[in-house]
Amino acid sequence: MTPVKVTVIIPTHNTGEDVMVGLTALRKQSMPRTDFEVLYIDDGSTDDTVAFLERELADEDNMSVVPMTNSGWPGRPRNTGVARARGEYVHFVDDDDWLAPQALERLYARAKDTDADIVIGRMAGHGRGAPRAPFAKPLERGSVRENPVLLGSMTVHKLFRRQFLLDHDLRFEEGRVRLEDHLFTLRAYLLAKQVSTVPDYTTYHWVRHRNGKHNISYAPIEPVPYIGSVRRIIALLHAPDTRVSDDELRHRFTANWYGSKALKRLTGKGFLGQDEERRAAWRQEVIDLAGELPAAVDRHLPERLRVLSRLCRSGDHEGIHAYTRFESEVRHLPEVEEADWRDGALHVRARTSLVRTDPETGESTPLLFRRTVHATPSGKKRVRWTWQPPAPLDELAGLDPTLDFTQPLKKAKAQGLVHHKAGGTQLVVTTGTSTLRPTPHEADPELWEMHWTTECAIDPTGVDEISGPLDPGAWNVCLRLNVGGWLSSPRLSGVKLSVPGPKKPVAAEPRRSAPRHHPLHGVARATVPVLRRTLPAAAYLALRDWYRHLGASDRRPAPVSVALEELQRAGQAQALSVSSSRRT
């Protein structure tokens, strides 16, 4: 059996011709075909998926389809794929997702450079949110114990060293087991010697079909088995081979699943849209789980969920219902104050307010906080902010200090976010300033509203030090704010960013080395710094490409007058369109 660098494992089930989206992307991989293989493991499709794949892959030496009897879940197909794989590494892909053109090449190179057991590539979401925190900073040779931010990426859409999986008998749960990705990935994280990321390139495109199309494990979620899976995940933190010995770190890890997979099941419109019998069943399962966990776990929850946990620990069904109905509509409302293009970047100034929008009337009212000042023994004054729940949540006032929002308000930062409309990539703009501006409430000056002002500069040649140039196409500009777990990223109305695509390739010409003393060479070297600062990014890049083509082609040197005309056209080009509904 001839080895290859990477085996891509794709479970399929009644996918039909829609599998072509992912297959086309695999055919466009920059890694040579001889270096990777693709295994479509079909989980007993009842349509023509297998026949279609067999016809489509007939001429593909590195791709094949493996039919199997139906298991009803992706675990057994993935295990079968690992057993049959020839790759030094394996990459799990779902049949409705796709890989970016350089994904395999970049992931494999990163694995070899860092000797990693697991490599995680930046993801883009289509119809769903994709993790961003694990890619905010480069990570090489890390571990989940030292880098808990990795818990932000728990799907199996990663590159795994195959021998690492075999050595530790890392297998997927077979049968209908909820959160099987988390059970597999957490154990892998805890056993891995080194984990690395690819933060500067979107490798994986993650799709959600609202009707569950193509998803093997799509089915209504039942409270008892789901919370049972949460218990099993938490149990891994105590298992002999994966135990997290540090108590605080173990509590932090526990809070990750208790909060995101249990408490959050009691929030949002999806929960509120269920009938009361089902809501009561979910509440009771989470109440039971809360009673099994140490109270110290709550310290690692975002404040929004800390309040909910307190209600669950007291078994207060009515309080939980009232709280979740209220807080599901908490958000922030941004307003653009100024947006213009200068110094090679889109500069945006905006303000936003933390509010709750009534779902029936659409009216937004500010969340209110009480301000108290305490003197420390050294004589310094410390400000404490306590959230003041309105009616019908007045009884929550007895949950103090759970309602202490001092730290989340202090840490909250309104950040620019760009979202590629077609590609799904989301990038946080790390430049700029964000300032909290509390304002006394008009009706009661003892209570305060929370407002933020923020400024950011979005440079399409690189929004931060990691991500590189923005992909061509339309980008939405959003404002992201997280206050104690109340997180939303609404679009900034009237502001948009359009990045031009690459020029069409010129006809092939005999190439020769660039002249050492091109007539424009000295002028270009002297003016590049000025042009880079003064021209819009797209205009500068167009001029640079024109000059490089001129130097590398077999054309006669152009007169300076032609160069000046080109410069003028580039300066007038508005390749990056910026509009604002408000400008001051």
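Tyr226 and Glu285 share no side-chain donor-acceptor pair at under 3.5 Å. If you check the side chains of Thr425 and Thr202, you find a donor sitting under 3.5 Å from an acceptor. No donor-acceptor contact under 3.5 angstrom links the side chains of Gln426 and His420, judged on distance only. Judged by distance alone, the side chains of Ser71 and Asp43 do bring a donor and an acceptor atom under 3.5 Å apart. Between the side chains of His13 and Asp42, no donor-acceptor pair is found at a separation under 3.5 Å.
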Assess whether side-chain contact (heavy atoms from CB on, under 4.5 Å) is satisfied between Leu23 and Tyr40, documenting all intermediate values. CA-CA 10 Å; Leu23 177 55; Tyr40 286 95; 3.5 Å; yes
Give the C-alpha distance, both sets of side-chain angles, the deciding distance and a yes or no for side-chain contact (heavy atoms from CB on, under 4.5 Å) between Asn79 and Glu174. CA-CA 9 Å; Asn79 289 336; Glu174 297 189 4; 3.0 Å; yes
Just do the side-chain contact (heavy atoms from CB on, under 4.5 Å) check on Leu427 and Arg122 with the steps written out, would you? CA-CA 10 Å; Leu427 301 171; Arg122 194 175 74 194; 3.6 Å; yes
Give the intermediate values and the outcome of side-chain contact (heavy atoms from CB on, under 4.5 Å) for residues Thr15 and Asp96. CA-CA 8 Å; Thr15 312; Asp96 47 0; over 6 Å; no
ring-ring contact (aromatic ring centres under 6.0 Å, His included) between Phe92 and His157, worked out: CA-CA 5 Å; Phe92 299 105; His157 309 126; 8.8 Å; no
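For Asp247, the side-chain hydrogen bond (donor to acceptor under 3.5 Å, both in side chains) partners are Arg250, not counting sequence neighbours. Residues forming a side-chain hydrogen bond (donor to acceptor under 3.5 Å, both in side chains) with Arg33 (at least two apart in sequence, or on another chain): Glu60. Checked against ring pair (Phe, Tyr, Trp, His ring centres under 6.0 Å), His419 has no partners two or more places apart in sequence or in another chain. Partners of Thr24 by side chain to side chain contact (heavy atoms under 4.5 Å, CB included), not counting sequence neighbours, listed by chain and number: Met20, Lys28. Among residues two or more places apart in sequence or in another chain, the side chain to side chain contact (heavy atoms under 4.5 Å, CB included) test is passed with Ser229 by Val177, Arg178, Leu179. By the side chain to side chain contact (heavy atoms under 4.5 Å, CB included) test, Lys137 is found to be paired with no residue, residues two or more places apart in sequence or in another chain being considered.
If you take CG on Leu263 and CG on Leu301, they are separated by 6.0 Å, rounding to the nearest 0.5 Å. In this structure, OG1 in Thr69 is found 4.0 Å from CZ in Arg76, a value given to the nearest 0.5 Å. Taking OG from Ser30 and CD from Glu105, the interatomic distance works out to 3.5 Å, rounded to the nearest 0.5 Å. Rounded to the nearest 0.5 Å, atoms OG1 (Thr7) and CZ (Phe36) are 10.5 Å apart. Atoms CD1 and CG, on Ile234 and Leu293 in that order, are 5.0 Å from each other to the nearest 0.5 Å. In this structure, the separation between CG on Asn482 and CZ on Arg480 is 6.0 Å, given to the nearest 0.5 Å.
Residues Val66 and Arg84 meet the side-chain proximity criterion, which asks for heavy atoms closer than 4.5 Å. Using a 4.5 Å heavy-atom cutoff, the side chains of Glu303 and Trp486 are not in contact. Inter-residue side-chain proximity for Val93 and Ile9 is flagged as unmet; no heavy-atom pair is nearer than 4.5 Å. Side-chain contact between Val244 and Leu190: present, with at least one pair of heavy atoms (C-beta onward) separated by less than 4.5 Å. Here the side chains of Lys496 and Trp475 are not in contact, with every heavy-atom distance at 4.5 Å or above.
Looking at Asn14, its side chain never comes within 3.5 Å of a backbone N or O of Ser45 through a donor-acceptor pair. Under a 3.5 Å cut-off, the side chain of Thr267 and the backbone N or O of Lys264 do form a donor-acceptor pair. No donor-acceptor pair under 3.5 Å is formed between the side chain of Ser434 and the backbone N or O of Lys413. Side-chain atoms of Asp464 come within 3.5 Å of backbone N or O of Ser467 as a donor-acceptor pair. The main-chain N or O of Val156 is never found under 3.5 Å from a side-chain atom of Arg78 such that the two would form a donor-acceptor pair. Side-chain N or O atoms of Ser309 include none that pairs as donor or acceptor with a backbone N or O of Asp298 at under 3.5 Å. In this structure, Arg265 contributes its side chain and Trp282 its backbone to no donor-acceptor pair below 3.5 Å. A donor-acceptor pair under 3.5 Å links the side-chain atoms of Arg86 to the main chain of Thr2, judged by distance alone. Judged by distance alone, the side chain of Tyr89 and the main-chain N or O of Tyr108 form no donor-acceptor pair under 3.5 Å. The closest donor-acceptor contact from the side chain of Gln194 to the backbone of Thr114 lies under 3.5 Å.
Arg161 has a carboxylate O that lies under 4.0 Å from a charged side-chain N of Asp115, or vice versa, which qualifies the two as a salt bridge. Salt-bridge check for Glu173 with Arg232: passed, with a basic side-chain N closer than 4.0 Å to an acidic carboxylate O. Using a cutoff of 4.0 Å between basic side-chain nitrogens and carboxylate oxygens, Lys193 and Asp117 are not scored as salt-bridged. With salt bridges taken as basic N to acidic carboxylate O contacts below 4.0 Å, none links Arg176 and Glu222. Salt-bridge check for Asp35 with Lys5: passed, with a basic side-chain N closer than 4.0 Å to an acidic carboxylate O.
Nearest heavy-atom pair across Tyr189 and Lys158 is OH-CE, 3.2 Å. Across all non-hydrogen atoms, the minimal contact from Tyr258 to Val297 is CD2-CG1, 4.0 Å. Taking every heavy atom of both residues into account, Val477 and Val418 meet most closely at CG2-CG1, 4.4 Å. Between Leu39 and Ser64 the shortest heavy-atom distance is CD2-OG, 3.4 Å. In this structure, Gly16 and Phe52 approach most closely via the heavy-atom pair O-CD2, 4.0 Å. Summarising the geometry of Thr155 relative to Thr185, their closest heavy-atom pair is O-OG1, 3.6 Å, with the distance given to 0.1 Å.
Ring planes of Trp98 and His126: tilted class, angle from 30 to 60°. In this pair, Phe184 and Phe160 present their aromatic rings perpendicular. The plane angle is above 60°, beyond the 30 to 60° band.
Counting heavy atoms of neighbouring residues, nucleotides and ligands inside a 6.0 Å radius, atom CZ of Arg491 does not exceed 12 of them. Heavy-atom contacts from other residues, nucleotides or ligands closer than 6.0 Å to CZ of Arg162 number more than 12. For CD of Glu140, the number of neighbouring non-hydrogen atoms (other residues, nucleotides, ligands) closer than 6.0 Å is greater than 12.
Of the listed residues (Asp241, Asp169, Asp181), just one forms a salt bridge (Lys or Arg N to Asp or Glu O under 4.0 Å) with Arg187, and that residue is Asp241.
A ring-centre distance under 6.0 Å is not found for Trp73 and Phe172.
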